[in-house]
Amino acid sequence: VASIFSRIISGEIPCHKVYEDASVFAFLDVNPLADGHTLVVPKREVEQLYELSPDECAAIGRVLPMLVQRVLNATGAEGCNVLQNNGKAAGQQVPHVHFHIIPRRSGDQLGYRWNAGKRSEQELAAMAAKLRAE
Ligand code: AMP
């Protein structure tokens, strides 16, 4: 079955469209964290970022700065979070790749701080070596 976002892109389910081109679609999040909360999605339905081809991902990357600018201009927000969740463990609810653009203002109470850990130089070096070898 098509994802809810594929059904939005095809017009089967209504949305408040912000932008569309050959491979990218953007629309308002129906349950926004702030006014102007926008979702940017590839038209081809894949669940996770690594499943996109370089060209499909580049198509999103080409329009993301412009869409961020539009959201900031239209909302007058002071900043924004661009957030992209992959997998249930990361909080992804809709299994169709999407980038959130979430407008932010100081004092907006949305919060955003994760509990960062500490790692030794050796642990960091070993991990970077492992990643380079992948
Ligand atoms: P995530 O938790 O990263 O998978 O985000 C999914 C987002 O999709 C949530 O912020 C929802 O509010 C949003 N969402 C779900 N259904 C719709 C819909 N029909 N139209 C617009 N946004 C939606």
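As the structure lists them, so they are numbered: ligands from 1, and atoms in each ligand from 1. Since this is a predicted model, take the numbers as computed values, not measurements. The figures here come from the full heavy-atom set of this structure, side chains too, leaving out hydrogens, waters and symmetry mates.
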List ligand 1's nitrogen or oxygen atoms that come under 3.5 Å of a protein nitrogen or oxygen, with the partner atom and distance.
{"from": "ligand 1", "atom 1": "2 (O)", "to": "Gly91", "atom 2": "O", "distance (Å)": "3.2"}
{"from": "ligand 1", "atom 1": "2 (O)", "to": "Gln93", "atom 2": "N", "distance (Å)": "3.4"}
{"from": "ligand 1", "atom 1": "3 (O)", "to": "Asn85", "atom 2": "ND2", "distance (Å)": "3.0"}
{"from": "ligand 1", "atom 1": "3 (O)", "to": "His98", "atom 2": "NE2", "distance (Å)": "2.8"}
{"from": "ligand 1", "atom 1": "3 (O)", "to": "His100", "atom 2": "NE2", "distance (Å)": "2.8"}
{"from": "ligand 1", "atom 1": "4 (O)", "to": "Gln93", "atom 2": "N", "distance (Å)": "2.6"}
{"from": "ligand 1", "atom 1": "4 (O)", "to": "Val94", "atom 2": "N", "distance (Å)": "3.0"}
{"from": "ligand 1", "atom 1": "4 (O)", "to": "His98", "atom 2": "NE2", "distance (Å)": "3.0"}
{"from": "ligand 1", "atom 1": "5 (O)", "to": "His98", "atom 2": "NE2", "distance (Å)": "3.0"}
{"from": "ligand 1", "atom 1": "5 (O)", "to": "His100", "atom 2": "NE2", "distance (Å)": "3.3"}
{"from": "ligand 1", "atom 1": "10 (O)", "to": "Asp29", "atom 2": "OD1", "distance (Å)": "3.4"}
{"from": "ligand 1", "atom 1": "10 (O)", "to": "Asp29", "atom 2": "OD2", "distance (Å)": "2.4"}
{"from": "ligand 1", "atom 1": "12 (O)", "to": "Asp29", "atom 2": "OD1", "distance (Å)": "2.5"}
{"from": "ligand 1", "atom 1": "12 (O)", "to": "Asp29", "atom 2": "OD2", "distance (Å)": "3.4"}
{"from": "ligand 1", "atom 1": "22 (N)", "to": "Val30", "atom 2": "N", "distance (Å)": "3.2"}

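Not less than 6.0 angstrom separates the ring centroid of His98 from the ring centroid of His96. Taking the six-membered ring where the residue is Trp, the centroids of Phe5 and Phe27 are separated by under 6.0 Å.
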- Query: Glu20 and Lys43: salt bridge (charged side-chain N to carboxylate O under 4.0 Å, His left out), yes or no, with the steps?
  - Reply: CA-CA 9 Å; Glu20 179 175 12; Lys43 285 189 170 174; 2.8 Å; yes
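Using a 4.5 Å cut-off between side-chain heavy atoms of Ile, Leu, Val, Met, Phe, Trp and Tyr, with links allowed through other members, Ile4 and Leu39 fall into the same hydrophobic cluster.
Clustering of Ile, Leu, Val, Met, Phe, Trp and Tyr by side-chain heavy atoms under 4.5 Å joins Leu49 with Val18, Tyr19, Val24, Leu28, Val40, Val46, Leu52, Ile60, Val63, Leu64, Met66, Leu67, Val68, Val71, Leu72, Val82, Val97, Phe99, Ile101.
Within the model, atoms CG of Leu33 and CZ of Arg104 stand 8.5 Å from one another, a figure rounded to the nearest 0.5 Å.
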